Amino acid sequence: DISRVYPPINESDSRVPLFIGLMLSFGGGFASASAIPGVQIALDLINEDEYLLPGYTLHYSISDSQCDHSLALQSFFHRVVWEEPVKHALIGGGCSVATEPTADISHFYNITHLSCASSSPELKNRSRFKKYFQLLATDLELVPAYFGILQYFEWNHVVIIQQE
């Protein structure tokens, strides 16, 4: 259903539309839906710049993973693989739990997959996740930064609380 696509398709626009699936978590253990305004601004800026992707416009449709691996797979097949219009890329998963199963199979459908909310070190495995690109540092990669802050402030004790 084309009405679920942002920005709406302008029939008088001669540019070729490219569609991206945007999978976020609107519930579950991690809410990433607050990224929508940033995605809209980015697509508007790209589409307004005549030098970026000349002859094309970017559009996206949203799906909800609820930060659940089973729902993410269901959403991947229904909203990204089977539903028209054809998606050329997938952004998200919404969290590592939802991203891992979709990143594991996206290469079978020739769908480039990126995530800026998933930090699992497992997702760095390029032989397993062939068309997946992780934009967020893993927790292990952040350890030197944490250690530097501890040293800078001369802290001897620290507590880190994390939710998976």
Side-chain angles (χ1 to χ4, degrees), residues 1-138 141-142:
D1 180 293
I2 214 78
S3 65
R4 293 186 278 182
V5 170
Y6 179 88
I9 304 298
N10 180 351
E11 297 298 331
S12 65
D13 192 339
S14 64
R15 297 178 293 175
V16 176
L18 298 177
F19 298 94
I20 298 168
L22 180 60
M23 187 182 299
L24 300 171
S25 175
F26 290 84
F30 180 80
S32 59
S34 60
I36 293 171
V39 172
Q40 290 176 340
I41 290 169
L43 260 61
D44 288 343
L45 290 171
I46 291 168
N47 289 336
E48 290 168 5
D49 190 321
E50 64 185 75
Y51 298 105
L52 290 175
L53 298 175
Y56 296 92
T57 57
L58 291 178
H59 304 268
Y60 71 85
S61 63
I62 298 174
S63 59
D64 184 5
S65 72
Q66 295 183 28
C67 198
D68 177 275
H69 68 280
S70 297
L71 291 173
L73 281 172
Q74 179 184 9
S75 184
F76 177 79
F77 284 110
H78 287 283
R79 298 282 294 181
V80 178
V81 176
W82 297 329
E83 183 181 84
E84 293 290 330
V86 172
K87 309 306 182 295
H88 297 89
L90 173 64
I91 298 175
C95 65
S96 296
V97 171
T99 301
E100 283 189 33
T102 56
D104 212 7
I105 61 173
S106 61
H107 69 278
F108 290 116
Y109 300 93
N110 198 29
I111 295 173
T112 300
H113 187 176
L114 344 147
S115 179
C116 54
S118 301
S119 62
S120 169
E122 181 61 28
L123 287 164
K124 293 284 189 182
N125 183 341
R126 297 298 298 155
S127 62
R128 179 176 170 195
F129 303 107
K130 296 173 177 63
K131 293 202 50 109
Y132 174 77
F133 300 91
Q134 189 165 341
L135 305 176
L136 181 65
T138 67
E141 292 169 326
L142 293 175

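These numbers come from a predicted model, not from an experiment.
Note that CD1 of I111 and NZ of K87 are 9.0 Å apart. Values are rounded to the nearest 0.5 Å. Atom CG of L22 is separated from atom OG of S63 by 7.0 Å, given to the nearest 0.5 angstrom. Summarising the geometry, atom OG belonging to S25 is positioned 9.5 Å from atom CG belonging to L71; distances are rounded to the nearest 0.5 Å. Here C67 contributes atom SG and M23 contributes atom CE; the two are 11.5 Å apart, rounded to the nearest 0.5 Å. Note that CD of E83 and OG of S75 are 9.0 Å apart. Values are rounded to the nearest 0.5 Å. Taken from CG in N125 to NZ in K130, the straight-line distance is 8.5 Å, to the nearest 0.5 Å.
Closest of all the heavy-atom pairs between H69 and V97 is CB-O, 3.5 Å. Nearest heavy atom pair, residue E141 against residue A137, reads OE1-CA, 3.3 Å. For the pair G93 and A98, the tightest heavy-atom approach, listed with the atom from each and the gap, is O-CB, 3.0 Å. The minimum heavy-atom distance linking D64 with Q66 is given by the pair OD1-N, 2.9 Å.
Between I105 and F77 the shortest side-chain heavy-atom distance falls below 4.5 Å. With contacts defined as side-chain heavy-atom distances shorter than 4.5 Å, the pair N110/K131 qualifies. Here the side chains of F76 and L90 are in contact, with some heavy-atom distance below 4.5 Å. I62 is listed as a side-chain neighbour of I36, based on a closest heavy-atom distance under 4.5 Å.
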Throw together a table of side-chain donor-acceptor distances under 3.5 angstrom for residues 112-124, partners on residues two or more places apart or in other chains.
{"from": "H113", "atom 1": "NE2", "to": "G92", "atom 2": "O", "distance (Å)": "2.7"}
{"from": "S115", "atom 1": "OG", "to": "A117", "atom 2": "N", "distance (Å)": "3.3"}
{"from": "S115", "atom 1": "OG", "to": "S118", "atom 2": "N", "distance (Å)": "3.3"}
{"from": "S115", "atom 1": "OG", "to": "S118", "atom 2": "OG", "distance (Å)": "2.9"}
{"from": "S118", "atom 1": "OG", "to": "C95", "atom 2": "O", "distance (Å)": "3.3"}
{"from": "S118", "atom 1": "OG", "to": "T99", "atom 2": "OG1", "distance (Å)": "2.6"}
{"from": "S120", "atom 1": "OG", "to": "E100", "atom 2": "OE2", "distance (Å)": "2.8"}
{"from": "S120", "atom 1": "OG", "to": "E122", "atom 2": "N", "distance (Å)": "3.2"}
{"from": "E122", "atom 1": "OE2", "to": "R128", "atom 2": "NH1", "distance (Å)": "3.0"}

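D13 pairs by the salt bridge (Lys or Arg N to Asp or Glu O under 4.0 Å) definition with R15, not counting sequence neighbours. Y56 pairs by the ring-ring contact (aromatic ring centres under 6.0 Å, His included) definition with nothing, not counting sequence neighbours.
Side-chain contact of Y6 with D44: a donor-acceptor pair under 3.5 Å is present, judged by distance alone.
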Quick one: do Y60 and V39 satisfy side chain to side chain contact (heavy atoms under 4.5 Å, CB included)? Show the steps, please.
CA-CA 9 Å; Y60 71 85; V39 172; 3.8 Å; yes
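More than 12 heavy atoms of other residues, nucleotides or ligands lie within 6.0 Å of NE2 in H59, so this atom counts as buried by the packing criterion.
Using modelled atom types, one side-chain atom of N47 and one backbone atom of L58 make a donor-acceptor pair closer than 3.5 Å.
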